[in-house]
Structure formats: C-alpha cells, structure tokens
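Heads up: the structure comes next, in structure tokens.
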Amino acid sequence: MSELIKVASLTKEYVYKGGSTSVFNNLDIRVGFGSFVGVVGVSGCGKSSFLKILAGLDLGFKGEYFLNNINISTLTNKKLASFRNEVIGYIPQEILLINDMSIADNILLPAKYAGLKKSPNDYLWFLAERLGIKTLLHKKPTELSGGERQRASIARALINRPKLIVADEPTTSVDDQNIEIIMKLFREICVDGGSVITATHDANVSSRCDIVLDFKNIK
Amino acid sequence: MKIALMLAISQLFKNVKINAILTLTLFATSLCLMIVVNYFSDLARVDLYVNENKSLYDKTYSMIRTSELKNYNFSRIYSREELEKNVKMHRFISGNFTNYCAFRRGANPSDLIFGGDSVEFYYCNESFSDLILTGRIMGGRSFEESDFSASSLTSAVAGFGFAEKYSVGDVVDNRYLIVGILKKGANYFNLQHNYYPIDMDNIVFTPLIPDDIDNVNSAFLIDNAKVVLESREDFESINNYADHISMDRFNFANQCELLRLMKSDDRVLVGNEIFFSATMLLILLFLTFVFQKLKFWGRMSELKVHCICGSSLCNIWLAEFLEIAIILLLAASLVFVVNIRFLHMNAVAIAALIICLITYALFCGLMIYNEVAEI
Ligand SMILES: Nc1ncnc2c1ncn2[C@@H]1O[C@H](COP(=O)(O)OP(=O)(O)OP(=O)(O)O)[C@@H](O)[C@H]1O
Ligand SMILES: [Mg+2]
C-alpha cells in the first residue's frame, strides 16, 4: 500500500511572548490511500493542532510532512494554496462560513478557487441531497441551525473531490441519523481511494475507523 | 489577482463607513500637509527671488495711503475726483522716478479675449518692461518706447503658455501684434499683499499707454506702483506733490521690509497650521491602526475560509492591500480635484503629497503583513 501521508518526527510548539506550549513531540505516522483514520484524546491534547498541520494551514512545525510524496514545507505559498484547494478538504472544528454568501456559494467556493469553467452543480446537488441540505442551498448561513451549518461545511470540504479529508470533530452538533450518513460518505471516499482523518470525541465515530490514533498514548 | 481584486472590492463595501472615514481623514491630512509644504516652498522662492534682486528691492517702495494704513480695502470704490488724482500722481512719480508697475486689466469680459480664448491681460509700463520682462524673454523682445504710443495694433508680450499657438510677429484678432514670448515658468513677485509668485505663463502683457491712461482703472495705478526711491527727500517730494493736489499723504513700504513683516505676521498662523497638521497626522495614524485592527478582527474568520478553500496568503495580503490602495487612490483624487479647482499648489507640495501617500501605504502594508501572518 503506497502512502498518502508520511509524517516524520513531527514536533509542534506554540511560541508566544513570554513562553511556549509544547503540544506534541516526534510524531511518526503513515497513512495509506483509502484509510479511514480516527484521532482521539482528551480536550487540549493537540488534535486540532495536528490536523491543521495535515491540512496545510500551519507550517510552523518541526519535522517533515510528506503528502502524496511531496514535502509540504518546500512548497511555495501558491503551490500550497492549490494543494489545499485540490488535494485537501478541511473541515474546521469551529464552523466557518461566509455569512453574506448563500450556502450554495459557500459550498462552491473551493470550486471557484480551482478556476473551474463550469461549476460542479451535479456534485453539489448530490452532496446536498446526501447531507440533507438540499432545500437550504439558497439560504444564508445565519438562517441555518448549527447542525445544518456543519453539514454545509462538510459539503464544502468535499466539493473538489480531494484525496485527503481532514475533519476536525465534524459530528459535534449532528444527530445520530446524520452521523450515519456522514460516516457512509466518508467510507465511500475511502473506497474510492481517498483517505479520511477525523478527530472525534464520539465513540460512535471512532469505532468505525480503520485505525485510531490515541493522542494520550502518543504524548 | 482577479480573485484578490474581487475580494478587495467586496471588503471595501462591507466596511463602507470605516473606509469612508479613513478616506476623508487621509484626504484632510494630506491637504493640510500640502498647504504647509506649499507655504514653505513659496516662502523659499520669494526669499531667493528677493535676495537675487536685492539691489533693486532694497530701494523699491510700495505706496500706501495714510488713510489706509490700518485696513486696506481691496474693493474700495474711489470717487471720480480721487481717480483723477491717482492719474496725476501716477504721472508725477513716473516722470520723476523709476516706477515699474503691472496690473491685471479689469475691463469688461469682451475686452479679455485673445484669439478666441478668454485670457488674463496685464498692463505694464515701460519700466516694468525693462526691469522685469526683458530678462524673461524667450523669443522676440520686450516693449520699446514706440510700443507706448497709441496705434492701430497693440503690441503684446505673451507668456510661454501661448508659445504653441502663436509666434512672434503674429497678429491676433486684428488687434494685437505679438512682439515677444516669455520663457517657460517665468514669474515675478508683487510683494504688495501676498508673496505668491505671479505665474506669467498664461498672461498676455500689453503696454500701459500714457495717452490711454484715463481708460484704465486708475486705482491700480497707485496700488501697484513700485517706485525706486533713493532718500527721504524723495518721499517728501512725493508727499509735497500729494499735498499740492490735495491727495492723501503716503507711507512708503520698502519691499524687503514688507516681506519681513509679512513673514512675522504669518508666524502664528503657520504655527497653528503645523500644529493642526501634526494632530491630523496622529489622528489619521491612530484611526488607521484601530480601524484596520477592527476590520481585520471582523473578517478574520472569513479570511480563514478563503485560506481553507485554497486562497494563498499572498492573495489575501494583496486583497487587503488593494483595499488600502483604493482608499489611497480616492483620497489622492480628492486632493487633486480640490487642488486643481481651488488651490493651485506648487510642484513641491504635490511631491510632498506623493511622499506622504507612499509612506502611508508602507505603514498600512506593514500592518497588513503582520496581520496576515496571524491567520
Ligand atoms: N494559537 C495557539 N497559541 C498557543 N497555544 C495554542 C494555540 N492553539 C492551541 N494552543 C494550545 O495547544 C494545545 C492543543 O490545542 P488543540 O486545539 O490542538 O487541542 P484539541 O486536542 O484540538 O482540543 P479539543 O478537543 O478541545 O478541540 C492546547 O493546550 C492549547 O491551549
Ligand atoms: Mg480541537
């Protein structure tokens, strides 16, 4: 099995005025294509920090991170941005949507950044249908419930069919029925050869993963 | 780039109020700074000019009616009798001393047409032509004695602004014969009530013909007289003549002295102006700092979304900066419009404006750079 992610002696430390917090030291992790990985651990143990690095949003780490055999640290700003756009789909822990754009436009934003001539409306419809937000597409984010917004955020991460899904607690405000749907979607992505890495506090989610990284043990 | 521009414009409109305040503050500050710089560079010019012509200016006097010593009135209306006295006095001082004077022709508008355009006409006498015009001629000549007698064609010396349209020897409107063209940027100082240089580029000078003198606004004859006087006896002889025709006596204001007085009069005003500009500058920087932070906090999560969706940091940096650039552009255009319509500041002031705007852009750029690094 070839590797999508290879992380070698990854060390994260937040440095700020008058001190620093060491989050984790010397992580070595490999994730193959088609794996569904869960990341668990107590609050504050560094799950989000780890996922942000994986999503290419934080370059302030020591060690090496290869994604699809490319060393992330060597990429130019622009290359990294297009990597985030095409290869990675990131679902942040706090739900971030642009309030004065409709849900449909929010979801299609990565497609716009990809510079596609034709917006992938079929796939938008497909995702919206699966995630049960089809009737909400024309609404603004402020008119949605927390769970609905979270599902919109998931749809946005998937719209460009990225190879790697990095999900930071994607199911916190979602009911059991929808967790089921989301897990099924993620599983389909893995079957298609993509990989999903998700942080979670929910045993219901971690029990479905192929591998579970426990950050308590790692520390 | 396209995405950055779109982002910048959408951000600009999301913060219309803040951006409008910033634009106006920037506008006001640059205007204040420009006025100060304009003042100082005008002052430097007049100092230089007076020093270069010191031997002449040391002996040159303006004549101020004793009744007008305290409050000079630009729009004073003279009685017919007084106007005749003005003419007499003009003849007396021109006959006995060197009196060089030039003044704007204030006739009815139809008399101010030159080749179909409405232009500024100045009358000048022979001494003015010799002392001021002669040194500034680019082509042709200044006025000669023969130009000062009435004939069917009036001789004219035109500023450089007319050089493209006309050349020496041209007859304009069947009325004016161009005998000379002035050098580019020629100017002189009429140290009477201000010390702005009078730009000669767009002025047409025509001779003040003694026989025609009853037709000009004779108040100007004395108000704009610059008399070269050697001694106290000269003052006395003029005032004796004034007594003789029962006219107001005169005080004589030396040009160098006048400049010194005007400068000290301005000191408080300029001090206030500088203080005001400095305050404006501090307010501007403070507002920019606060507003930029506010804007940034407000849109932080939105910028994060753009980052996640595949915008590069450069793009966001550019978008933020473009927003500032648009503000700069707006403020600068406002300044230029105001300047062209009302102020006519000199090149040094415009250079100061450009330096001020560039510095401001750098200040904002640095701030934005630090902010974007936070995302
Ligand atoms: N920007 C930052 N600057 C300084 N310290 C930070 C920063 N972000 C996170 N931390 C610290 O790093 C540690 C790990 O944070 P992180 O968000 O990765 O935890 P987490 O495992 O995701 O927690 P949770 O389950 O609550 O989301 C925490 O102790 C936190 O205080
Ligand atoms: Mg977290």
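Basis for what follows: all heavy atoms, side chains included, without hydrogens, waters or symmetry-related copies. Chain naming here is simple, since letters A, B, ... match the order of the sequence lines and numbering starts at 1 in each.
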Inset, instruction - Tell me, with the steps shown, if A:Leu57 and B:Lys304 meet side-chain contact (heavy atoms from CB on, under 4.5 Å). - result: CA-CA 9 Å; A:Leu57 287 165; B:Lys304 271 187 191 160; over 6 Å; no

Legend entry - Test applied, side chain to side chain contact (heavy atoms under 4.5 Å, CB included); reference residue, B:Ile308; option that passes from A:Pro110, A:Pro92, A:Ser153: A:Pro92

Inset, instruction - With a 4.5 Å cut-off on heavy-atom pairs, point out which of A:Leu97, A:Asn160, A:Asp100, A:Ile88 contacts chain B the most. - result: A:Asp100

Inset, instruction - Could you list which of residues 77-86 of chain A have a heavy atom closer than 4.5 Å to any heavy atom of chain B, in residue-number order? - result: A:Asn77, A:Lys78, A:Ala81, A:Arg84, A:Asn85

Legend entry - B:Phe289 CZ: over 12 foreign heavy atoms closer than 6.0 Å: no

Inset, instruction - Count the heavy atoms of every other residue, nucleotide or ligand shown that sit under 6.0 Å from OH of A:Tyr16, and state whether that count exceeds 12. - result: yes

Inset, instruction - Measure the spacing between CG of A:Leu96 and NE2 of B:His306 and express it to the nearest 0.5 Å. - result: 11.0 Å

Inset, instruction - Look up atom CG in A:Leu109 and atom OG in B:Ser311, then write down how far apart they are to the nearest 0.5 Å. - result: 9.0 Å

Legend entry - More than 12 heavy atoms from other groups under 6.0 Å of CG on A:Asp175: yes

Inset, instruction - Using a cut-off of 6.0 Å, state whether more than 12 heavy atoms not belonging to A:Asn69 lie near its atom CG. - result: no

Inset, instruction - Rounded to the nearest 0.5 Å, what's the gap from SG on B:Cys307 to OH on A:Tyr90? Could you check? - result: 11.0 Å

Legend entry - B:Phe276 atom CZ, over 12 foreign heavy atoms within 6.0 Å: no

Inset, instruction - Could you tell me whether the side chain of A:Arg156 reaches within less than 4.5 Å of the side chain of B:Val305, counting heavy atoms only? - result: yes

